[in-house]
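Chain naming here is simple, since letters A, B, ... match the order of the sequence lines and numbering starts at 1 in each.
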Amino acid sequence: MFARTKQESVLIVKVSSFWAEAVSDGRKLLRICLSYRKDDFQSIYKLNFEEKKRLPPLLQRLKCDLIIYGSGSKVDFSCYPLQTEGYSSFTRRVWAEVREIPYGRFCSYKWIAQRLNNRGYRAIGKALSINPFPIIIPCHRVIREDGSLGGYSQGMRIKKELLRIEGVLPLLPQAKMI
DNA sequence: AACTGTCGCGAAG
DNA sequence: CTTCGCGACAGTT
């Protein structure tokens, strides 16, 4: 009995000044990683093999969207199918809530908590820290209540860059809270 | 039991 | 006004 290995496709694309790696099973996205160094990606060894094949439509579309996004235009990622099985219902509720934050807006961890009738603010951060779909689930739009930026699993440099791309960063005065 | 991508308060500079 | 320490909070490992 040989375990049937799932057919996974990998997209690696430059977005603004960093790289994005997206993995899909053809139907859904499985994960996304962001890095300034292309060879950080675990699947990099597959690239020579993969890039000869046509990308599945889902990754084609994502590639276009990411490039457009990186160029500073508004992109709606809310319809991408994501593989979220295996995560707790709380975690998924947090992600669903964060997905509602529009492009170019932001809110606080507390604000998300309140929408879930919850005061475990730190649990919100925990749920976001394991977000496998940065950009698609826009956890970079969640910052601290006092206006400081908080953390980011992909590195603060990228969080800042994403907010800058969306015109939020020089931050506050005229930036719109959600 | 020990962690968090937090918050808000009080105390001190 | 700004920073710092600390306890409370809820969920996960």
Side-chain angles (χ1 to χ4, degrees), chain A residues 11-23 28-43 62 65-66 69-70 72 74-178:
Chain A
L11 162 70
I12 295 185
V13 60
K14 189 144 194 203
V15 181
S16 188
S17 69
F18 57 88
W19 292 85
E21 175 205 54
V23 182
K28 295 182 174 184
L29 292 180
L30 303 182
R31 62 180 178 274
I32 291 180
C33 289
L34 309 178
S35 173
Y36 282 95
R37 293 175 2 104
K38 189 180 178 183
D39 29 87
D40 281 348
F41 298 138
Q42 297 176 351
S43 63
L62 182 61
D65 277 348
L66 284 175
Y69 178 83
K74 177 175 176 176
V75 175
D76 177 12
F77 290 103
S78 65
C79 292
Y80 277 89
L82 307 179
Q83 176 57 268
T84 61
E85 278 171 34
Y87 294 94
S88 73
S89 63
F90 171 82
T91 299
R92 289 195 290 206
R93 282 202 303 146
V94 172
W95 293 351
E97 208 56 62
V98 169
R99 253 192 132 171
E100 307 273 319
I101 308 170
Y103 182 94
R105 306 288 187 88
F106 64 94
C107 70
S108 66
Y109 297 95
K110 179 187 181 182
W111 192 90
I112 297 291
Q114 285 173 339
R115 300 216 60 176
L116 302 177
N117 296 314
N118 183 301
R119 285 181 308 158
Y121 313 122
R122 313 190 70 188
I124 305 296
K126 186 75 188 301
L128 295 185
S129 74
I130 59 174
N131 172 17
F133 307 102
I135 298 186
I136 309 295
I137 296 175
C139 60
H140 60 279
R141 297 181 190 142
V142 186
I143 66 174
R144 287 201 180 172
E145 181 69 13
D146 66 4
S148 60
L149 294 185
Y152 196 60
S153 61
Q154 312 289 304
M156 283 310 295
R157 193 175 157 208
I158 290 185
K159 183 169 189 173
K160 286 181 192 164
E161 180 154 357
L162 295 175
L163 291 172
R164 210 161 17 234
I165 286 171
E166 298 189 19
V168 172
L169 200 45
L171 205 49
L172 294 189
Q174 83 274 22
K176 300 172 193 156
M177 188 95 166
I178 190 170

Next on the checklist: Just the rounded figure in Å: distance from P of B:dG5 to CG of A:Leu128.
Outcome noted: 10 Å

Checklist entry - Can A:Glu166 and A:Arg141 be counted as an ion pair, charged N to O under 4.0 angstrom? => result yes

Checklist entry - Quick one: does A:Ser88 reach the base of C:dG11 with a side-chain donor-acceptor pair under 3.5 Å? => result no

Checklist entry - Taking atom P of B:dT6 as reference, at what distance in whole Å does atom CG of A:Asp146 sit? => result 10 Å

Checklist entry - So, does A:Ser16 use its side chain to make a donor-acceptor pair with the main chain of A:Phe18 at under 3.5 Å? => result no

Checklist entry - Does any nucleotide pair with C:dC9 by Watson-Crick or G-U wobble geometry, both distances under 3.5 Å, and what is it? => result none

Item to check | Watson-Crick/G-U partner (both atom distances under 3.5 Å) of B:dG5 | outcome: none

Checklist entry - For the side chain of A:Lys110, counting heavy atoms from C-beta on, which of B:dG5, B:dG8, B:dC7 is nearest? => result B:dG8

Checklist entry - Choosing from C:dC9, B:dC7, B:dG5, which nucleotide comes nearest the side chain of A:Val142? => result B:dG5

Checklist entry - Is a donor on one side and an acceptor on the other found under 3.5 Å between the side chain of A:Lys74 and the backbone of A:Tyr103? => result no

Next on the checklist: Taking only side-chain N and O atoms of A:Thr91, does any of them lie within less than 4.0 angstrom of OP1 or OP2 on C:dT12?
Outcome noted: yes

Item to check | Proximity to the side chain of A:Ser108 - top-ranked nucleotide from C:dA10, B:dC7, C:dT12 | outcome: B:dC7

Checklist entry - Counting any heavy atom closer than 4.0 Å, what does A:Phe90 reach on the DNA or RNA strands: base, sugar-phosphate only, or nothing? => result sugar-phosphate

Checklist entry - Side-chain N or O of A:Asn118 less than 4.0 angstrom from OP1 or OP2 on C:dG11? => result yes

Checklist entry - Of all the choices, B:dT6, C:dG11, B:dG8, which nucleotide is nearest to the side chain of A:Tyr109 once you look at every atom? => result B:dT6

Checklist entry - What is the distance, rounded to the nearest whole Å, between atom CD1 of A:Ile130 and atom P of C:dT12? => result 8 Å

Checklist entry - Expressed in angstrom and rounded to an integer, what is the separation of A:Ile124 atom CD1 from B:dG5 atom C1'? => result 11 Å

Checklist outcome for this item: Against the side chain of A:Arg122, the closest entry in C:dA10, B:dC7, B:dG5 is C:dA10

Checklist entry - Side chains of A:Ile112 and A:Cys107: does their closest heavy-atom pair fall under 4.5 Å? => result yes

Next on the checklist: Donor-acceptor check, side chain of A:Trp111 to backbone of A:Val142, threshold 3.5 angstrom: yes or no?
Outcome noted: no

Checklist entry - Whole-Å distance between B:dC7 P and A:Gln114 CD? => result 10 Å

Next on the checklist: What is the separation between atom CZ on A:Phe133 and atom P on B:dG5, rounded to the nearest whole Å?
Outcome noted: 19 Å

Item to check | Atom-pair distance (CH2 on A:Trp95; C1' on C:dG11), nearest Å | outcome: 14 Å

Item to check | Gap between atoms OH and C1', on A:Tyr121 and C:dG11 respectively (whole Å) | outcome: 15 Å

